[in-house]
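Reading through the structure tokens given below for one structure.
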Protein chains: 2
Amino acid sequence: MFLHAQGELALGSRLKAVSESLYAAANAAYREAGHDIDAHWFPVLRYLQVRGPASVTEIAAAIGQTHPAVSQLAAKLRAQGWITRRTDRSDARRGVLELSAEAERKLDRLGPVWCAIRRAAAAAAVRDGGTLLDALGAFEADIASGRLAADIRAHHARLKDATIEIAPYRRDWAVHFERLNAEWLQRWFTLEEVDRAVLGDPQAHVIDPGGAILFATLDGEVIGTCALLKEAPGVYELSKMAVESGFRGFGAGRKLLEAAIAEFQRRRGRTLFLESSKRLGPALQLYESGGFVHHPAPRPGSHYQRADVYMVYEPEKAKRLRAKAAPRKQLRVVGR
Amino acid sequence: MFLHAQGELALGSRLKAVSESLYAAANAAYREAGHDIDAHWFPVLRYLQVRGPASVTEIAAAIGQTHPAVSQLAAKLRAQGWITRRTDRSDARRGVLELSAEAERKLDRLGPVWCAIRRAAAAAAVRDGGTLLDALGAFEADIASGRLAADIRAHHARLKDATIEIAPYRRDWAVHFERLNAEWLQRWFTLEEVDRAVLGDPQAHVIDPGGAILFATLDGEVIGTCALLKEAPGVYELSKMAVESGFRGFGAGRKLLEAAIAEFQRRRGRTLFLESSKRLGPALQLYESGGFVHHPAPRPGSHYQRADVYMVYEPEKAKRLRAKAAPRKQLRVVGR
DNA sequence: GGCAGTAACGTAAGCACTTACGTAACGGCC
DNA sequence: GGCCGTTACGTAAGTGCTTACGTTACTGCC
């Protein structure tokens, strides 16, 4: 090929072409999976998803584009109902862009597609060779031959048909424990000292004192986690429940909760409680449907600043709920 | 950075950004060196330079863009006098785009800038790591820190102040001998069987039979070559003279010619001749000014189909020319 | 409080492409 | 020679960004 012979001089041209091919491949994957989303929206939407509401300039700086680019895209997304805009209370110049509830729901379903794209692209990009040029050449070849698109399809099919499994603590998954929890903590609150300690060394702060950590996986991908902290003999705290954005709504949270309760019972615990926040609506719903009841008073001596919800597990309530919803249909990984 | 945390999912976005940074860096280098050329034109102009006149669709296919892209750029370049367009004699649909004489001259001067960009980009792109993502990260860092731009400037300064040197044959430079000659042969003629043999194994076809190969270098970069073939005892043929497009007009051809004649004299040769073609105007001028005279009849038993010019070296003429142009001023690598 | 400098961000226009489409010429086949 | 599918390529319109610019709001300093 002529451009290849030009070496680094044609790098700009080739990078642009690869970039466009990648957008095309991602869009094809979205369409095939039935999502009406454009790959160009990813940086903005993803930023809003993991960081929460943000201003135009904040997003622009984070994704490395100019503010008009974000502004124009925001206008389009607003017209299509993906995001809403209100002016910042404390600074009337600034706008606050926020995902609509529907957009949030849509994005929470994109995990499998994203994961498929990520895996396929990673496989195509891993070729050794050292220089960017070699890596690029290999990548171009994979795109041109259709291997990338086929890989995305294959990975997506696997992920779609895979079921969420619960796995016990593994030392090499400590990073996932940290990553998954840091995401929602940073979005909704700030990392408190306790958090930093526990996330930084879960072995020392959870496992060794007699607690447990569980992971939810989908086709080998760690997509969720939760911890059972031992407060006192027979007293456990359910904590650090997190499911990766993009993989929510597939039942991982419920499976983690059930597995945690089972673990609590296996250890013959007497008391299981949790602390949470009113802001985390869906999580509270999950806890309620899992057998937890709201405790009227805040927990004395809570570890967390953010805690304004205190719930306790009631086996009797759990039994009643199970009986009522007895023939609960199996949750599939990808809806319907 | 946010996009980095998104891994392969943000690859498209990042590649595009890097691509644009590269264009910007190249444009800055062009401006600094005083060339009024846009980096986006490179694929088209370079194609026309190394391959000669071509149609819109041919170029589009070669550079991996759509034909309207080339068509539109061609219109712009035509308006600015870079290229001319005539309709193909044998197919009235097809147009033949060709560099104007002035454009050809301008492009012939771009070698040092191109080389500087190539070297700087190669240095930034070589980081180990294996995956495209790592290589890209390193490249982005170099762009952001301004290291790439500084490197380009530094390399260009070196190349600008370097002088062209003549070096004897080296086995590891055989590839350059092939590359440099293949370029003009493919552009103006086609590779004949003799060419393929000589270029493929210069050691066996030139050096071993008692000939010589010379290289012109600029700051370590091989930018030109020529060969002295031993026809018979005392009879030598000057052949395979080639200077890389982009480095023409800097005097490399003259230096090669002079060095070849010196080598011929060092070997106490009696006859030095060459075969060429009327189509290669500038080369013929060079030969004439170097002391060669046109021989009226074609050489009996020529090796080449393309040869319609037969010149013989006359020491007397060379002496006269030297006397006339005695205080010839030193040629600088980059004009004024 | 007034005022200059700056930040947020919308709008306009431009750019380097793309897709979509139309037109004219070619080439093979009857 | 007539016709039909294909090819070359120009034009129009769209896209995802950019730069340039203007308006409004904030901030710090006197």
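Just so it is clear, the structure is predicted and the values come from calculations on it, not from any experiment. Basis for what follows: all heavy atoms, side chains included, without hydrogens, waters or symmetry-related copies.
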Electrostatic pair Arg14(A)-Glu20(A), nearest N-O below 4.0 angstrom
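Answer for the salt bridge query: no.
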Salt-bridge test for Glu58(B) and Arg51(B): reply yes if a basic N is under 4.0 Å from a carboxylate O, no otherwise.
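The answer is no: the pair does not qualify as a salt bridge.
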Parallel, tilted or perpendicular, as decided by the 30° and 60° cut-offs, for the rings of Tyr23(A) and His40(A)
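His40(A) vs Tyr23(A) ring planes: parallel.
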For residues 62-82 of chain B, which residues have at least one heavy atom under 4.0 Å from DNA chain C?
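Hits under 4.0 Å, by residue number: Gln65(B), Thr66(B), Pro68(B), Ala69(B), Gln72(B), Lys76(B).
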On DNA chain D, check which nucleotide each of Ala92(A) and Ser13(B) is closest to and give me the residue with the more 5' one.
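Between the two, 5'-proximity favours Ser13(B).
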When you compare the side chain of [Y] with that of [X], does any pair of heavy atoms fall below 4.5 Å?
X	Y	answer
Val70(B)	Ile63(B)	yes
Lys106(A)	Glu102(A)	yes
Tyr30(A)	Asp38(A)	no
Phe189(B)	Ser277(B)	yes

Please list residues of residues 39-52 of chain A whose heavy atoms come under 4.0 Å from any atom in DNA chain D, ordered by number; otherwise none.
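Heavy-atom contacts with DNA chain D come from His40(A).
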Rounded interatomic separation in angstrom, taking [atom1] from [X] and [atom2] from [N]:
X	N	atom1	atom2	result
Leu3(B)	dC17(D)	CG	P	11 Å
Ile59(B)	dC17(C)	CD1	P	14 Å
Arg89(A)	dA25(D)	CZ	C1'	17 Å
Arg86(A)	dC9(C)	CZ	P	13 Å
Asp88(B)	dA25(C)	CG	C1'	12 Å
Glu20(B)	dT19(D)	CD	P	8 Å
Asn27(A)	dG16(D)	CG	P	9 Å

To the nearest 0.5 Å, what is the distance between CD (Glu244(B)) and CG (Leu218(B))?
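It comes to 10.5 Å.
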When rounded to the nearest 0.5 angstrom, what distance separates CG in Asp195(B) from CD in Gln186(B)?
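Taking CG in Asp195(B) and CD in Gln186(B), the distance rounds to 10.0 Å.
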Set of residues satisfying salt bridge (charged side-chain N to carboxylate O under 4.0 Å, His left out) with respect to Arg279(A), sequence neighbours excluded:
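Partners of Arg279(A) by the salt bridge (charged side-chain N to carboxylate O under 4.0 Å, His left out) criterion come out as none, since no residue qualifies.
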Among all residues two or more places apart in sequence or in another chain, which pass the salt bridge (charged side-chain N to carboxylate O under 4.0 Å, His left out) test with Asp91(A)?
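By the salt bridge (charged side-chain N to carboxylate O under 4.0 Å, His left out) rule, Asp91(A) matches Arg93(A), Arg94(A).
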All N/O contacts under 3.5 Å from nucleotides 5-8 of chain D to the protein, with atom names and distances to one decimal?
| unit_1 | atom_1 | unit_2 | atom_2 | d |
| --- | --- | --- | --- | --- |
| dT7(D) | O2 | Arg93(B) | NH1 | 2.5 |

Is the number of heavy atoms from other residues, nucleotides or ligands under 6.0 Å of Arg158(B) CZ greater than 12?
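No, CZ of Arg158(B) has 12 or fewer neighbouring heavy atoms, counting only those of other groups under 6.0 Å.
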Taking Leu148(A)'s backbone N and O only, do any of them form a donor-acceptor pair with Asp142(A)'s side chain (distance below 3.5 Å, no angle check)?
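Side chain of Asp142(A) to backbone of Leu148(A): no pair is present.
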Check: protein-nucleotides 2-5 of chain C nitrogen or oxygen pairs below 3.5 Å:
none

5' priority, DNA chain C, between Lys16(A) and Ser90(B) [closest heavy atom]
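The 5'-side residue here is Lys16(A).
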Within the structure, does a side-chain N or O atom of Arg85(A) lie under 4.0 Å from either OP1 or OP2 of dG10(C)?
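For Arg85(A), the contact criterion (side-chain N or O under 4.0 Å from OP1 or OP2 of dG10(C)) is met.
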Would you check, one step at a time, whether the test side-chain hydrogen bond (donor to acceptor under 3.5 Å, both in side chains) holds for Ser245(A) with Arg46(A)?
CA-CA 9 Å; Ser245(A) 56; Arg46(A) 180 71 177 159; 3.2 Å; yes
Where the side chain of Asp38(A) is concerned, which of dG16(D), dG10(C), dA16(C) is the nearest nucleotide?
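The nucleotide sitting nearest to the side chain is dG16(D).
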